[in-house]
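Reviewing the structure listed below.
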Amino acid sequence: MRSSPRPLRLAPIVLLPLSAAVGCFDFTLVGEPGGEGAPTASLVLSATAGQAPLELVLDASASLPFKEGDALQFDFDFDGDGTFEIERSDDAIADHSYSSAGSFAPLVRVRGSDGRYDVADAALEVSAQNPPRTADVDVDSDHDGRITGADEAVEDESEAAFFGNVDDDNGDGERDRDDNVLDDDDDDTFPIVVRQVRELGASQVFVQVSPAIAATRTRLWLDGAILTDASSDRAQVQGAGAADVELRLESLTGRTSDWDGRVEITVTVEDGGDVVSSDTVHLRAAPVLFPDNLQAPRQLFVMDIPDGEDSNQALVGAFRDSLPEGVDLYELNADDYFYDRWVQDSWEVGTQLVPDGDGGQREMITAMQTERSYGGQGLDAFVPGEWISQGRGFYYPGGDETAHNYGGNLETSPPTASDPFGRMLFGGGTQALSGARNVDSMNENQVSFLNAQELQGPAIELSSEWLEVGHIDEILQFIPDLSPDEGGHAFKIAIASPRLARDVLVGLRENGQGGATVFAGRRRSFSVDEVLDDEEFNALNELAQARIEGVQVKLKATLHLSDDDFRPVPVFFEDQGDGLVAAFNPGVQNLVTMGTRLFAPDPEGPVVNGEDAWQAATLASLADTDLDVVFVDVFQSYHELLGEAHCGTNVERAPYATAWWTVEK
Amino acid sequence: MKKLPLLLAVLVAAAAHAGPTPTVKLKGIDPAVYLQKRNHRPDVSGELRRLPAGVAVAVLDDPMAFVVDDSAYPAGIKADERQKLRTVEVRALLQGALTSLAQRHDLRAFDLLRRHVAHDDDAVAALAAERLGELDDHRVVEALAGLVKDQTLRLEVRAAACAGLGHVRSQEALEALLPALSSSNKDEIRTAALRALGSLTSRWAWEARDDVATGDHLRAAALRAVQAVEGDADVVAVRDEMLALLR
């Protein structure tokens, strides 16, 4: 049911000349439906589907006059054929009986006293009468967001979509799945219509949820009470002998490693224990799909750290000044979270989507809360405490704690022909650069959760265990390519390159600039010669280059990429004393993509003739992407604490437009 | 490259070690400092790896004497979490002390590193083995070769010993690594040896040493050995990565 803002096949109606005024009412229609000065029409049906004969109430009482106090009159067209069976009624409510099966679009035209008018329609499906004692259950099998006669035809081969009720509609601080209440305003449950069983007599109607695991992950509600749940996967459906009965499916989770999200609902008509008739429909939980950096940004999260030598005002200021139009800036309070500035790490934002009944998709923004213990004082408290709200929920796979779990160690590649929703990438492995063993990776719970979503999997593990923090954002980031070659991808991969960093310095030395300063003005700084003459530092960086090239080989093979899809940016690494390494200079690839603008860490290379040589190398490498690059000082605010700009931010992005239920993977 | 000037706090800590309890904290294991870092781990990269030799020896002798007291942890950190943090703080202290002694080429370093190869904590034991390779001591190659061959040792120690040989950058070290490539060894040892050969023959390192000719000679020998390596997918992936480096 809906009040329609759409102009509806009304051209012949608009042209219909009506008689002159009676009393103070002008019966000549004026202007376009919903035009300037027109009232606002609303139409609500007492049912949107049912078996013939169907007694229906059409209610236009929520219609509003343009001017308060202006009287309204109502014309009703019961079947939407352009002929109004009732005209100029003062009563906003009409009754009608539909005696035959069909799809109808009942319509109300609401007139103001000056003849200006508006229309609203609704969709109605009237199905043929089932034979006596026949079970019939319908869901939105055809994914149009409504339950209509068309669903019956595809219900055997199609799965209706639903998502986990993990947001917080009523603001009680709990996920709605946990509060055992089906709120009136909770639209995160999904209708299942058990059709009226004629001549039921002494027989009974039952509903069964299967497989068994699905019954433990879902609930069926009827009139605000739980019908089935983990304690009982079968229940009697009262009232189905008198009228259609609408059940509501609530899911406690989405897809998990031990449940593919599939549910079968079977309705049976039983007589003395014998099944007289049955009907089954199929549903499936929406996957959580994580957007890549090419998806339009909606909101950027960063912590505001205003004071101290590790203040991040350079980064926050850049965002305040230069975010693209339409992107909201969400500044987290440092005092609330123990100055835990690593906003990237405690959650990864995705979306669950279902059909919205309007040809589009209805979304629940859904985060994966990572296993990142911070004593309950850091950003592990943000999603379940501050962020959760109506339309924003989360899943928490849990598992063992390791820095490899964090959001910085999770990226989504943009869609390609073979991966229409991209692929999830995470880091891990078994060896430090030197060859010493260091076995570390994202925990199994999280990887299983990602793979359970199916459409962006299987997730690809890239070697990152050689890094002190262990995140793939320390070595790569997907960025848009605004001018791709014909047939090429619309993205590039900015990838850390010790080789490029070194080549720049070698070039300076060969031009007599070996004394130029890296990190000028910082607590520690080095000449170009010092960097190039450090044997262990150079050995380590050549091994880092080799490891990164190994990552490139794997990416090329799994994502079907070419060398041209990579754009090196100058980044050296250095030993952290425990056998692992971290970026020596601010890692340029650890950047924030905001549409066509990149907020990139300032690499703070040697400045010669007023030009930062590493900045220049970065710009040259990225030049053909046509992106706007903004270099930001993150040296003390993030870099010296083992992170960079990307690590300190999180971004909500628009979901993919492609409907997941249309894609085979 | 330049070393940072030592923190005054470290010197005070060294002096204080004569007494029963140090009165100052080392920043690297101060929770108020390291919990701000992205990995939440104690920081070996700062003053811990630059401890004065005397302090480093004292740390190895009794690391618990240098840890912070409970009041240093943020309120709200639970007891079991605090215990986990304490464990990694002790590890960082030991790793820092071992690294410091190795990089200072302290005369006591060989024996102390050798002793810590048997430490219960795999990460400490492995780091001790790898840091042996940074010493300027004639006993290093023989010691590391022995660790690599000793099948009674943990894989972590044997692999780290390979890594240590990679730091030595000599003909003897290369010859000590070659047997580890044999298929009779576990994959963990073979891949460690492959990566160690990459380090040992690093072109960039030999250029920094200004001895490109020796580097080229060693690299050619390593290339021949690496080309002959066969194995499962993990071994082949590392082999191919090193072949790309060596060519």
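When reading the values below, keep in mind they use all heavy atoms of this one structure, side chains included, and skip hydrogens, waters and symmetry mates. Below, chain A is the first sequence line, B the second, and so on; all start at residue 1.
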From CG (A:N538) to CH2 (B:W206), nearest 0.5 Å: 13.5 Å

Considering non-hydrogen atoms only, spot the tightest contact between B:A208 and A:E535 and give its length. CB-CA, 3.7 Å

What part of A:Q344 gets closer than 4.5 Å to chain B, counting heavy atoms only: side chain, backbone, both or neither? side chain

For the CD atom of B:E207 and the CD atom of A:E542, what is their distance to the nearest 0.5 Å? 8.0 Å

Side chain, backbone, both or neither: which part of A:D578 has a heavy atom under 4.5 Å from chain B? both

Residue part contacting chain B, namely of A:N438, when any heavy atom lies under 4.5 Å: neither

Sub-4.5 Å side-chain heavy-atom contact between A:R437 and B:D122: no

Suppose we screen for salt bridge (charged side-chain N to carboxylate O under 4.0 Å, His left out). Which residues come up paired with B:D216, at least two apart in sequence or across chains? B:R219

Chain B interface, residue from A:G470, A:A539, A:G550, A:A403 that has the most non-hydrogen pairs under 4.5 Å: A:A539

Could you look at A:A432 and say if it's the side chain, the backbone, both or neither that has a heavy atom under 4.5 Å from chain B? backbone

B:T99 side-chain N/O to A:G577 backbone N/O, donor-acceptor pair under 3.5 Å: yes

With rounding to the nearest 0.5 Å, note down the distance linking CZ in B:R38 to CG in A:D345. 4.0 Å

Applying a strict 4.5 Å limit to non-hydrogen atoms, the region of A:R547 in contact with chain B is both

Could you tell me which portion of A:L433 (side chain, backbone, both or neither) has an atom closer than 4.5 angstrom to a non-hydrogen atom of chain B? backbone

Side chain, backbone, both or neither: which part of A:D575 has a non-hydrogen atom closer than 4.5 Å to chain B? both

Could you tell me which portion of B:R91 (side chain, backbone, both or neither) has an atom closer than 4.5 angstrom to a non-hydrogen atom of chain A? neither

Has A:W342 got a side-chain atom pairing as donor or acceptor with B:Q36's backbone, closer than 3.5 angstrom? yes

If one checks every heavy atom of B:R169 against chain A at 4.5 Å, the contacting part turns out to be side chain

Pairwise distance NZ(B:K37) to CD(A:E640) - rounded to 0.5 angstrom: 8.0 Å

Atom pair CG/CG of A:L543 and B:L245 - distance to nearest 0.5 Å: 6.0 Å

To the closest 0.5 Å, what do you measure between CG (A:D340) and NE2 (B:H40)? 5.0 Å

Proximal component of A:L580, with respect to chain B [non-hydrogen, under 4.5 Å]: side chain

Would you mind checking which part of B:E130 comes under 4.5 Å of any heavy atom in chain A, side chain (CB onward), backbone (N, CA, C, O), both or neither? side chain

Whatever's closer than 4.5 Å to a heavy atom in chain B on A:Y406 counts as side chain

Note: vs chain B, highest number of non-hydrogen pairs under 4.5 angstrom among A:A582, A:C647, A:G643, A:G579 is A:C647

So what's closer than 4.5 Å to chain A heavy atoms on B:R131: side chain, backbone, both or neither? side chain

Going by ring-ring contact (aromatic ring centres under 6.0 Å, His included), name the residues that satisfy it together with B:Y34, two or more places apart in sequence or in a different chain. none

Need one label for B:V157: side chain, backbone, both or neither, based on atoms under 4.5 Å from any heavy atom in chain A. neither

